[in-house]
Visitor: 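Got a structure here, written out as structure tokens. Questions coming.
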Amino acid sequence: MFQLTATPASALSDEPVHIRATGLPPLQPLTLKASLKDEKGNLYQSKAFYQADEAGELDLQRAPSMGGDYVGVHPMGLFWSLKPERPFGRLLKRDVNSPFLVTLDLYDFLCSQDPAPAPPRASQVVQRWFCRPGTQRVPIREGRVRGTLFLPPGEGPFPGIMDLFGGVGGLIEFRASLLAARGFAVLAVAYFAYEDLPTRLEEVDLEYFEEAANLLLAHPKVRGPGIGVLSVSKGAEIGLAMACFLKQVAAAVLINGPNAVCDFPFRYRGLVMSPIPAFLERMQVHVSGAVRLLHFRGDPREKLNQPSVFPIEKARGQILFVIGEDDQSIKSKAYAEQALEQLKSHGRSNGRMLVYPGAGHLLEPPYAPLCYASRIYSVSAYASNNHPLALSRNYSLSQPLLWGGEPAAHAAAQEHAWGEIQKFFRQHLTQARSQL
């Protein structure tokens, strides 16, 4: 009798699942499929082709996939190779209080069709949670700040982290709730396209993020004297600015971000920094139809662009650049190298870089599927035609943006980086900051 098991059947989404099948005919060709629907009903699917061993068993921790969406031994391949039925979808958990339900189906033949011509011989539903029981979810609407604070069970105090996403806009909580499950107090911060915040991002006002940092530090369950910042893409640009200008920031993780002001003016108290120029004519269109912005912006090293470069040498805390080497959105590795060289030239050594070959722009927590290209909320560009001329109106892209990444390498990067990010925060948010 065919039997399919997935252990644990209910777990946090950053925890691995052990998938096994028993009662199979020896050396039987098999197909395993995974599917889930997000909160909007969008379907994501994956498949892999296997062969039972001589004892009539299949163990994904040992058995290689022979074909399908991945090849080789990948125990969690069915999860990280999930692809949207509708092109250019990005799997984002919106409600962290409910799980994603992943259906695993086992077929006793090589099934490349969707839907399958025959029913599965065995099925199993796996619950993938984003919030640990006992975690407090506290909506934040204080002063100008909009977000959600996640507090682990217990009295605390806990190391505090601000979590910033990029151009997708709105309030995204799943990474913050997962980090809270690991013992951090995490404030997921919205900064546009949410409630009464601006619909479009037209400038970055660092005082908003300073207000959020002070709010987090003032919470009785948050351990001072400093906080961490976890950030990606546009959020990583803001995260670097926070590290440079805010004394509250003791540790910043910057995932695939720039080292200079991009796209929108930056303001902090009396300081205004203009973005480096962008060149609409440098946009490239990928064969998929997605727009590649890799060469879209000017070079921060050029003399004219130096006023737009963040003064990283002023950063008091530690900085970790997390880089996907196949980032097709920005030159994140070159930007991180420039920032580290800038630190070195000022006699500073409080920055380092993790580089992941084959990983793309959107590095997520472990086992999340690669998003190779997707649409974002809005894109504003400043064009230059032989002189720095900022367009007065937002330039909106209707096409999706290309992020890059090779699925297996990207998945390996996500799994490794997640552990390194937690170690980085534990090290620098729990030790004394006497050097500051």
Visitor: What I want to find out is whether K331 reaches D299 closely enough, with some N-O distance under 4.0 Å, to be called a salt bridge.
Guide: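 Salt bridge between K331 and D299, a charged N being under 4.0 Å from a carboxylate O: no.
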Visitor: Tell me whether R292 contacts the main-chain N or O of L402 through its side chain, where contact means a donor paired with an acceptor under 3.5 Å.
Guide: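 No, because the side chain of R292 does not come within donor-acceptor range (under 3.5 Å) of the backbone of L402.
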Visitor: Using 4.0 Å as the upper bound for N to carboxylate O, is an ion pair formed by E210 and R269?
Guide: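 Yes.
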Visitor: With a 3.5 Å distance limit and no angle check, can you tell me whether S65 reaches the backbone of Y50 through a side-chain donor-acceptor pair?
Guide: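 No, because the side chain of S65 does not come within donor-acceptor range (under 3.5 Å) of the backbone of Y50.
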Visitor: Under the criterion side chain to side chain contact (heavy atoms under 4.5 Å, CB included), I'd like the reasoning laid out for M76 against E15: C-alpha separation, chi angles, the key distance, then a yes or no.
Guide: CA-CA 10 Å; M76 291 294 289; E15 295 175 350; over 6 Å; no
Visitor: I need the minimum non-hydrogen distance between P265 and E202, along with the two atoms involved.
Guide: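 For P265 and E202, the tightest heavy-atom pair comes out as CD-O, 3.4 Å.
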Visitor: Taking only Lys NZ, Arg NE, NH1 and NH2, and the carboxylate oxygens of Asp or Glu, determine whether E341 and R301 approach each other closer than 4.0 Å.
Guide: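 No, no charged N to carboxylate O under 4.0 Å.
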Visitor: Does R282 CZ have over 12 foreign heavy atoms under 6.0 Å away?
Guide: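 Yes, CZ of R282 has more than 12 neighbouring heavy atoms, counting only those of other groups under 6.0 Å.
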Visitor: Begin from the C-alpha positions of F165 and F174 and carry the test ring pair (Phe, Tyr, Trp, His ring centres under 6.0 Å) through to its verdict.
Guide: CA-CA 11 Å; F165 276 79; F174 70 87; 5.6 Å; yes
Visitor: Does F296 have its ring centroid less than 6.0 Å away from the ring centroid of F279?
Guide: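 Centroid separation for F296 and F279: 6.0 Å or greater.
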Visitor: Can any side-chain N or O of D326 pair as donor or acceptor with the backbone N or O of G358 at less than 3.5 Å?
Guide: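 A pair under 3.5 Å: no.
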Visitor: For the side chain of S332 and the backbone of G257, is there at least one donor-acceptor N/O pair under 3.5 Å apart?
Guide: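 Checking the backbone N and O of G257 against the side chain of S332, no donor-acceptor pair under 3.5 Å is found.
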Visitor: First locate atom CG of L216, then atom CD1 of I227, and finally report the distance between them rounded to the nearest 0.5 Å.
Guide: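 These two atoms lie 5.5 Å from each other.
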Visitor: Check whether the side chains of Q127 and W129 place a donor and an acceptor atom closer than 3.5 Å, and report yes or no.
Guide: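 There is such a pair (donor and acceptor under 3.5 Å, judged by atom type) between the side chains of Q127 and W129.
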Visitor: Counting N and O atoms only, with roles assigned by atom type, does the side chain of H219 sit under 3.5 Å from a partner on the main chain of K221, one being a donor and the other an acceptor?
Guide: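 Yes; judged by distance alone, with no hydrogens or angles, the pair exists.
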Visitor: Regarding K93 and E173, does a basic nitrogen lie under 4.0 Å from an acidic carboxylate oxygen?
Guide: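 A salt bridge is absent here (no side-chain N lies under 4.0 Å from a carboxylate O).
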Visitor: May I ask you to check whether H18 and D59 show a side-chain donor-acceptor distance below 3.5 Å?
Guide: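 There is such a pair (donor and acceptor under 3.5 Å, judged by atom type) between the side chains of H18 and D59.
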Visitor: Could you give the distance from CZ (F100) to CZ (F130), rounded to the nearest 0.5 Å?
Guide: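 Going from CZ on F100 over to CZ on F130, the span is 5.0 Å.
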Visitor: Write down the atom of P157, the atom of R223, and the distance for their closest heavy-atom approach.
Guide: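 Minimum heavy-atom contact is O-NH2, 3.2 Å.
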Visitor: Determine whether E237 and F264 make a side-chain contact, defined as any pair of heavy atoms from C-beta on separated by less than 4.5 Å.
Guide: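 No, every pair of side-chain atoms sits at 4.5 Å or beyond.
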Visitor: Going by an N to O cut-off under 4.0 Å, is there a salt bridge joining D205 and R267?
Guide: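 No.
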Visitor: Tell me whether N350 contacts the main-chain N or O of G317 through its side chain, where contact means a donor paired with an acceptor under 3.5 Å.
Guide: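 Yes: the side chain of N350 pairs with the backbone of G317.
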Visitor: Is there a side-chain contact between F424 and V253 in this structure, where contact means two heavy atoms from C-beta onward sitting under 4.5 Å apart?
Guide: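 F424 reaches V253 side chain to side chain.
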Visitor: Could you tell me if R128 sits above the aromatic ring of F79, with its cationic atom closer than 6.0 Å to the ring centre and no more than 45 degrees from the axis?
Guide: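 Judged by the rule (NZ or CZ under 6.0 Å from the ring centre, within 45° of its axis), R128 counts as positioned above F79.
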Visitor: So with a 6.0 Å cut-off around CD of E195, is the heavy-atom count from everything else above 12?
Guide: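 Enclosed: over 12 neighbouring heavy atoms sit under 6.0 Å from CD of E195.
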Visitor: Hey, are E211 and R144 close enough for a salt bridge, meaning a charged N less than 4.0 Å from a carboxylate O?
Guide: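 Salt bridge between E211 and R144, a charged N being under 4.0 Å from a carboxylate O: yes.
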Visitor: Which atoms form the tightest heavy-atom contact between G239 and A252, and what is the distance?
Guide: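 G239 and A252 have their closest heavy atoms at O-CB, 4.4 Å.
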Visitor: Could you tell me whether D114 and K33 make a salt bridge, using a distance below 4.0 angstrom between a side-chain N and a carboxylate O?
Guide: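 A salt bridge links D114 with K33.
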Visitor: Using only atom types and a distance under 3.5 Å, with no angle test, would you say the side chain of D327 pairs donor to acceptor with the backbone of A359?
Guide: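 No, because the side chain of D327 does not come within donor-acceptor range (under 3.5 Å) of the backbone of A359.
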Visitor: With heavy-atom distances below 4.5 Å as the criterion, would you say the side chains of L179 and I161 are in contact?
Guide: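 A side-chain contact exists here, since the closest heavy-atom pair is under 4.5 Å.
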Visitor: Indicate whether the side chain of N42 and that of E85 have a donor and an acceptor atom separated by less than 3.5 Å.
Guide: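 No, no side-chain donor-acceptor contact under 3.5 Å.
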Visitor: Out of the candidates L362, I330, L363, only one should pair with W403 under the side-chain contact (heavy atoms from CB on, under 4.5 Å) rule; please name it.
Guide: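 Output: one option passes, namely L362.
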Visitor: Should L254 and V322 be marked as a side chain to side chain contact (heavy atoms under 4.5 Å, CB included) after you check the CA-CA gap, both sets of side-chain angles, and the distance that decides it?
Guide: CA-CA 6 Å; L254 314 173; V322 179; over 6 Å; no
Visitor: Heavy atoms only: give me the nearest R146-Y208 pair and the separation to one decimal.
Guide: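 Closest heavy-atom pair between R146 and Y208: N-OH, 3.1 Å.
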Visitor: Between V126 and A6, what is the shortest heavy-atom contact and its length?
Guide: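 For V126 versus A6, the nearest heavy atoms are CG2-CB, 3.6 Å.
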Visitor: Would you confirm whether the ring centroid of F245 sits within less than 6.0 angstrom of the ring centroid of F266?
Guide: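 That pair passes the under 6.0 Å test.
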Visitor: Within the distance-only criterion (no hydrogens, no angle test), does the side chain of D69 pair as donor or acceptor with the backbone N or O of K47 below 3.5 angstrom?
Guide: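 Yes, because the side chain of D69 sits within donor-acceptor range (under 3.5 Å) of the backbone of K47.
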Visitor: Are K333 and E325 close enough for a salt bridge, meaning some N to O gap below 4.0 Å?
Guide: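 Yes, this pair counts.
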Visitor: Between H286 and Y372 (judged by ring centroids, cut-off 6.0 Å), do the two rings come close enough to count as a pair?
Guide: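 Under 6.0 Å, so yes.
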Visitor: Using 0.5 Å steps for rounding, measure from the CD1 atom of I421 to the CZ atom of R182.
Guide: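 Reported value, rounded in 0.5 Å steps: 13.5 Å.
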Visitor: Under the criterion side chain to side chain contact (heavy atoms under 4.5 Å, CB included), I'd like the reasoning laid out for H416 against Y356: C-alpha separation, chi angles, the key distance, then a yes or no.
Guide: CA-CA 9 Å; H416 184 265; Y356 294 100; 2.7 Å; yes
Visitor: Once you round to the nearest 0.5 Å, how far does CG of D38 lie from CG of D95?
Guide: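 Rounded to the nearest 0.5 Å, the CG-CG separation comes to 12.0 Å.
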Visitor: Do D163 side-chain atoms and A188 backbone N/O form a donor-acceptor pair below 3.5 Å?
Guide: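 Pair absent, no side-chain N/O of D163 close to backbone of A188.
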Visitor: Hey, are the side chains of I172 and L92 touching, using non-hydrogen atoms and a 4.5 Å cut-off?
Guide: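 Answer yes - side chains close enough.
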Visitor: Does the side chain of Y367 pick up a donor-acceptor pair with the side chain of E415 at under 3.5 Å?
Guide: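 A donor-acceptor contact under 3.5 Å links the two side chains.
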Visitor: With a 4.5 Å limit on heavy-atom distance, are the side chains of I140 and T148 in contact?
Guide: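 I140 does not reach T148 side chain to side chain.
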Visitor: Got a sec, which residues hit side-chain contact (heavy atoms from CB on, under 4.5 Å) with A34, two or more places apart in sequence or on another chain?
Guide: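 Result, side-chain contact (heavy atoms from CB on, under 4.5 Å) vs A34: S46, L78, L82, V102, L104.
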Visitor: Using the ring of each side chain (for Trp, its six-membered ring), is F184 parallel, tilted or perpendicular to F425, with breaks at 30° and 60°?
Guide: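 Correct class here is perpendicular.
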Visitor: Is there a donor-acceptor pair closer than 3.5 Å between any side-chain N or O of T430 and the backbone N or O of R426?
Guide: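 Pair found, side chain donor or acceptor close to backbone of R426.
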Visitor: Is any side-chain heavy atom of I319 closer than 4.5 Å to one of L240?
Guide: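 Of all side-chain heavy-atom pairs linking I319 with L240, at least one is under 4.5 Å.
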Visitor: Hey, could you give me the CD/NE2 distance between Q328 and H295, rounded to the nearest 0.5 Å?
Guide: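 Answer rounded to 0.5 Å: 8.0 Å.
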Visitor: Does the side chain of L164 reach to within under 4.5 Å of the side chain of V232, using non-hydrogen atoms?
Guide: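 Side-chain contact under 4.5 Å: no.
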Visitor: Are the side chains of L43 and P84 in contact, using a 4.5 Å heavy-atom criterion?
Guide: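 No, side chains not in contact.
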Visitor: For E142, I'd like to know if atom CD has over 12 heavy atoms of other residues, nucleotides or ligands within 6.0 Å.
Guide: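 Open.
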Visitor: Taking the six-membered ring for Trp and the full ring for Phe, Tyr or His, determine whether the centres of H410 and W80 are under 6.0 Å apart.
Guide: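 No; W80 has its ring centre 6.0 Å or more from that of H410.
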Visitor: Which atoms form the tightest heavy-atom contact between F88 and A290, and what is the distance?
Guide: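 So the minimum-distance heavy-atom pair works out to CE2-CB, 4.2 Å.
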Visitor: Rounded to the nearest 0.5 Å, what separates atom CG in N259 from atom OG in S308?
Guide: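 OG of S308 is found 10.5 Å from CG of N259.
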